[in-house]
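Naming convention: chains lettered A, B, ... in sequence-line order (proteins, then strands); numbering from 1 in each chain.
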Amino acid sequence: MKGMIFVDIEKCLACKTCELQCAVVHSKSKDLYQAIDEYPLPQRRVKVEAIDELTIPLQCRQCEDAPCVKICPTRAIEKSEVEQPVLIKKQLCIGCKWCILVCPFGVIGMDREGKAVIKCDLCFERLKDDKLPACVEACPTKALQFKTSEEVAAKKRKEYLVKFTKGKETI
Amino acid sequence: MKKEEKSIDKASQELLKIAEKEGIDTAWDRYEAMLPQCGFGELGLCCRNCILGPCRIDPFEEGPQKGVCGATAEIIAARNLIRMIAAGAAAHSDHGRDVAHTLLLAAQGKTKGYGIKDEEKLLSLANELGIKTDGRDKKEIAKEVAEKVFSEFGQQHGELQFSRRAPEKRQALWRKLGIMPRGIDREIVEVMHRTTMGVDNDCENLITHGMRTALGDGWGGSMIATELSDVLFGTPRPIRAKVNLGVLKEDEVNIVVHGHEPTLSDVIVAASQDKELIELAKKNGAKGINLAGICCTANEILMRHGIPIAGNFLQQELAITTGAVDLMLVDVQCIMPALSSVAKCFHTKLVSTSPKAKFPQAEHVEFKEEEALPIAKKIVRMAVENFKNRVKEKVNIPKEKMDLVAGFTAESVFKFLGGKYRATYRPLNDAIISGRLRGAAGIVGCNNPKIKHDWGHVEMAKELIKNDVLVVVTGCSAIADAKAGLLKPESALKYAGKGLQEICETVGVPPVLHVGSCVDNSRILITLSNVVAEGGLGDDISELPVAGAAPEWMSEKAVSIAFYFVASGVFTVLGSPFPILGSKEVTDLLTKRLEGTVGANFAFESDPIKAAHLMIDHINKKREALKLKPMMYEKVAAV
């Protein structure tokens, strides 16, 4: 499955289910009841941030021309092809944190052991099995969706045209 | 989820197929749509008790570890759990209160629908409650019994009368631990007080009060419901009947009662046998009036009248999906709000009856004990008149139905073991002491789409009886086992171990004994006390080789039941964990440390076979502690 995480910010209720399920899917057991007893504790790769009245789940945008990929001195971060996730090779990461500094969204962090950086991997293993990313599947209001960039653009075009025909937008 | 993964019951599988074809949503579909369920809720880490919040604790320790007020995972999980106990205890106890109310009305002559069916039990209760019986009219006695029982709900200090039925050692322990319930309602109110913002912040102190509240249910509200129901409707005796959706009839008016209280269902039994209404049914083209039940109200009329059972909790929507139910009447508890929309797909009339439980799209015929029979007749008439609206093409009654024997009580069954002429618990105790029986287990509780329907109950029961553990069942667990044929005496030959088989054959009872509805779990408490009193198996319930389980539980009532069993000294295994795992301390307290105070722990295990073996291991441990003989037919494994 190819695509990206699309956030419908009007639907996010800040329940943090995405954070919780993200941690579970990145645990050893993949089971909530067992994950809470693992050592080290699993970590989330998505964070619900709030600004004014809005709450927005933020995670890696999987940039096509990613600054983190460019700056990594050990080539621990790579992107194989278009619309594929930016992935970190844990063995190569030296924890220099350059990627954290250059990320425009602040969605890269250190792991608990302080050995390597972690970020959203778009649940690439689940995608191989045709399963949605854990946060998308878990979101109770469907604020998080998984779509291709073309699908997102098509939806935006449609929304724009509706507004346009109702006279709320001008060309 | 495939239909085979949803239920082991063939009748349910068949109707699930129809529901899918017709686009009817069932609890299984809604469960799947809900996945994954909220992890904070599952772990008990969400607090909504005040609007500093809502707050939630991050179990992975990256986010907040304390609520706005400073409440930790421990405090939040414990508070939430005992609120569940309070709700469960309230439900059972309100049921008990309604039965007491009916007894009072009957004694005052204010209702024609009810009388005193078991005078012997009334007199023995009166004696126990210190009410004079000599030369007095039974109505006078009943009035005083009802008033005395009523006072226990609002009692502010002292002890509940029925708690004196527990072994003395147990009573002394409750007093020492400060968990002897003072009044039924008082403890429930105190839960609400302690758990409101900024009161009790010690998880152990919270759980301790939870136990007190639950004891007020088991040895109070529920026991009152059972005892007074026996007085009003008769103490059950072993009775044959049939179970599963195949009991619905194509050529008769089908009425399904669903809910919990016997006050309504019992009088519906009488109304459904009314000659005039049967005549009317015939005029409407039906051959007669067929009554069947779902959930515990069904168990109440099964135990006392042999009325067939249509199904358990997860079959309520499926019963309507047969297209053959002309009217389903409901009172309180375990009634899915979804019934209104399923009923809309068929001709079925859904009738709510309790002022406490209304369903926006159902017809409401309010039930009043004072006019019980006329109201019951009105409802039966509605069903008869709706028969003509049944759509033949939509009728799909599965053929599955199973024979069963139910109607066992603390008074009857265990005395049967001694035969008619020496009615004591001695033979039961001796069977355990001699190693013919390993011990006994209670399997109770609900259905839950998280566990394959009926599978948890049936597999656990089979595994236990195979290992010579006598099983007693109530509620939806009893219905599950009944459908699987485990409540037939013949099932002993097929499934029971040799020792249990001998007993079942000699006495003529099934290896799995149906002791009633969920308030009738109190019958199990009484039985355990009687076994202790009989002697030879220790001085307290916690010393007995017994265990309890609720493999498919879902209701808050089950939380209260589980707690009154553990607080009475019975090791209890739950198929789904309490929502507390987010707190290590509360989990540790419930699964490891309670044994040190009340003599029993909880365990959580979703696999019914593994759960059965946790129970067997516990029973073996207790046998060893009592220095009982080795199991009669068990070969000692060669080293």
Worksheet item: Can you pull out the residues in residues 112-125 of chain A with any heavy atom less than 4.5 Å from chain B?
Response: A:Arg112
Discussion item. I need the residue from B:Cys38, B:Pro577, B:Gly63 with the largest number of non-hydrogen atom pairs under 4.5 Å to chain A.
Written reply: B:Pro577
Discussion item. Is it the case that over 12 heavy atoms from other parts of the model lie below 6.0 angstrom from the CE atom of B:Met34?
Written reply: no
Discussion item. Just to be sure I understand the criterion: a residue of residues 21-32 of chain A counts if one of its heavy atoms is under 4.5 Å from a heavy atom of chain B. Which ones qualify?
Written reply: A:Gln21, A:Ala23, A:Val24, A:Leu32
Worksheet item: When you look at NZ of B:Lys592, are more than 12 heavy atoms from neighbouring residues, nucleotides or ligands closer to it than 6.0 Å?
Response: no
Worksheet item: In this structure, are over 12 heavy atoms from other groups packed under 6.0 Å from B:Lys584 atom NZ?
Response: yes
Worksheet, complete the sentence: If you tally heavy-atom pairs under 4.5 Å between each of A:Lys47, A:Glu19, A:Gln43 and chain B, the highest tally belongs to A:Gln43
Item to complete: Have a look at B:Pro59 and tell me which of A:Leu41, A:Ile36, A:Asp37 forms a side-chain contact (heavy atoms from CB on, under 4.5 Å) with it.
Response: A:Ile36
Discussion item. Does atom CG (B:Leu35) have a neighbourhood of more than 12 heavy atoms from anything else shown, all under 6.0 Å?
Written reply: yes
Discussion item. Given heavy-atom pairs under 4.5 angstrom as the criterion, report whether the side chain, backbone, both or neither of A:Ala134 touches chain B.
Written reply: neither
Worksheet item: Are more than 12 heavy atoms from other residues, nucleotides or ligands located less than 6.0 Å from atom NZ of A:Lys155?
Response: yes
Discussion item. Sub-4.5 Å heavy-atom contacts with chain A: which residues of residues 39-52 of chain B show up?
Written reply: B:Gly39, B:Phe40, B:Glu42, B:Leu43
Worksheet item: Is the NZ atom of A:Lys2 crowded by more than 12 outside heavy atoms at less than 6.0 Å?
Response: yes
Worksheet item: Quick one: which residues of residues 556-564 of chain B reach chain A at under 4.5 angstrom, heavy atoms only?
Response: none
Worksheet, complete the sentence: All heavy atoms of B:Pro64 vs all of A:Lys16, minimum pair found to be CD-NZ, 4.5 Å
Practice prompt. Decide if atom CD of A:Glu38 counts as having more than 12 heavy atoms of other residues, nucleotides or ligands within a radius under 6.0 Å.
Written response: yes
